[in-house]
Amino acid sequence: MKEEDKNIENLIEKMMAENTLQSPSADFTSNIMSKILAAEEVKIKPYKPLISISTWIFIGFTLALLVVYNVYFTGAENNLEIGKSYTDKISAIVSGIHISKTTLYAILIVPFMILIQIGVLKNYFDKKYQL
């Protein structure tokens, strides 16, 4: 075993003697810095939302018009009757379900906390990746 170790050591010493350390070229640093500067010059496109503000305003205005039209022009009595029939159906379906207070609180609070978390994360990433 010891002879094999000595042979391996001799082989490694010969290989190390034949191979010298490689050194970078003289202008290595300037080449790297020029590539870094070129990468910094690349312009990042600013964030543009998928749905513009004017589109959201149009959607909101349209929904408001539909509500106003439904309330004033179709008659309030018909709306109450339709709403009552739907609430009766929903209450018949839900009446068999019993939820503990803890579960009810979780169902009510979790979506609210998710919305808060989305806002906080959006602000964090906006500050982190400012142009």
Side-chain angles (χ1 to χ4, degrees):
M1 276 292 211
K2 291 187 179 185
E3 280 185 37
E4 289 178 16
D5 290 342
K6 288 182 182 179
N7 289 337
I8 292 173
E9 286 181 23
N10 289 337
L11 179 64
I12 292 173
E13 286 177 9
K14 285 181 185 178
M15 290 175 63
M16 294 296 286
E18 292 174 3
N19 292 334
T20 59
L21 291 176
Q22 295 180 354
S23 59
S25 61
D27 60 345
F28 175 77
T29 304
S30 62
N31 287 338
I32 295 295
M33 290 307 291
S34 66
K35 289 180 182 178
I36 290 173
L37 292 174
E40 287 179 0
E41 291 176 1
V42 174
K43 297 292 182 187
I44 298 173
K45 292 182 182 178
Y47 171 75
K48 184 178 178 185
L50 293 175
I51 301 174
S52 66
I53 292 175
S54 60
T55 306
W56 280 116
I57 292 171
F58 176 74
I59 291 171
F61 184 71
T62 305
L63 287 175
L65 282 177
L66 287 173
V67 169
V68 169
Y69 175 78
N70 193 21
V71 169
Y72 287 114
F73 296 115
T74 60
E77 294 174 5
N78 292 337
N79 289 335
L80 292 177
E81 291 173 9
I82 292 172
K84 185 168 175 28
S85 66
Y86 283 124
T87 55
D88 289 343
K89 289 178 184 177
I90 292 172
S91 63
I93 293 171
V94 177
S95 65
I97 300 173
H98 297 287
I99 300 175
S100 69
K101 284 185 178 181
T102 306
T103 306
L104 181 64
Y105 292 149
I107 290 170
L108 294 175
I109 291 174
V110 167
F112 180 69
M113 295 304 289
I114 289 172
L115 290 175
I116 290 174
Q117 203 170 29
I118 288 170
V120 169
L121 287 174
K122 182 183 180 314
N123 287 336
Y124 170 76
F125 284 115
D126 284 347
K127 288 179 183 176
K128 186 175 180 180
Y129 297 110
Q130 278 184 345
L131 297 178

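The environment of CD1 in Ile53 is sparse: at most 12 heavy-atom neighbours from other residues, nucleotides or ligands sit within 6.0 Å.
Put simply, Met113 and Val120 are part of the same group of oily side chains (I, L, V, M, F, W, Y) that touch within less than 4.5 Å, one to the next.
The side chain to side chain contact (heavy atoms under 4.5 Å, CB included) search around Tyr124 returns Lys128, not counting sequence neighbours. Qualifying salt bridge (charged side-chain N to carboxylate O under 4.0 Å, His left out) partners for Lys122, counting only residues two or more places apart in sequence or in other chains: Asp126. Take Ile114 and apply the side chain to side chain contact (heavy atoms under 4.5 Å, CB included) test, not counting sequence neighbours, and it matches Val110, Ile118. Checked against side chain to side chain contact (heavy atoms under 4.5 Å, CB included), Ile12 has the following partners two or more places apart in sequence or in another chain: Ile8, Met16. Residues passing the side-chain hydrogen bond (donor to acceptor under 3.5 Å, both in side chains) test with Thr62: none are found, sequence neighbours excluded.
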Run the side-chain donor-acceptor check on residues 95-107: report pairs under 3.5 Å with partners two or more places apart or on a different chain.
| from | atom 1 | to | atom 2 | distance (Å) |
| --- | --- | --- | --- | --- |
| Ser95 | OG | Ala92 | O | 3.0 |
| Ser100 | OG | Thr103 | N | 3.3 |
| Ser100 | OG | Thr103 | OG1 | 2.9 |

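Atom CD1 of Ile57 is separated from atom CZ of Phe61 by 11.0 Å, given to the nearest 0.5 angstrom. Once rounded to the nearest 0.5 Å, the distance linking CE of Met33 with CG of Asn31 reads 11.5 Å.
Here the shortest heavy-atom pairing between Ser52 and Thr55 reads OG-OG1, 2.9 Å.
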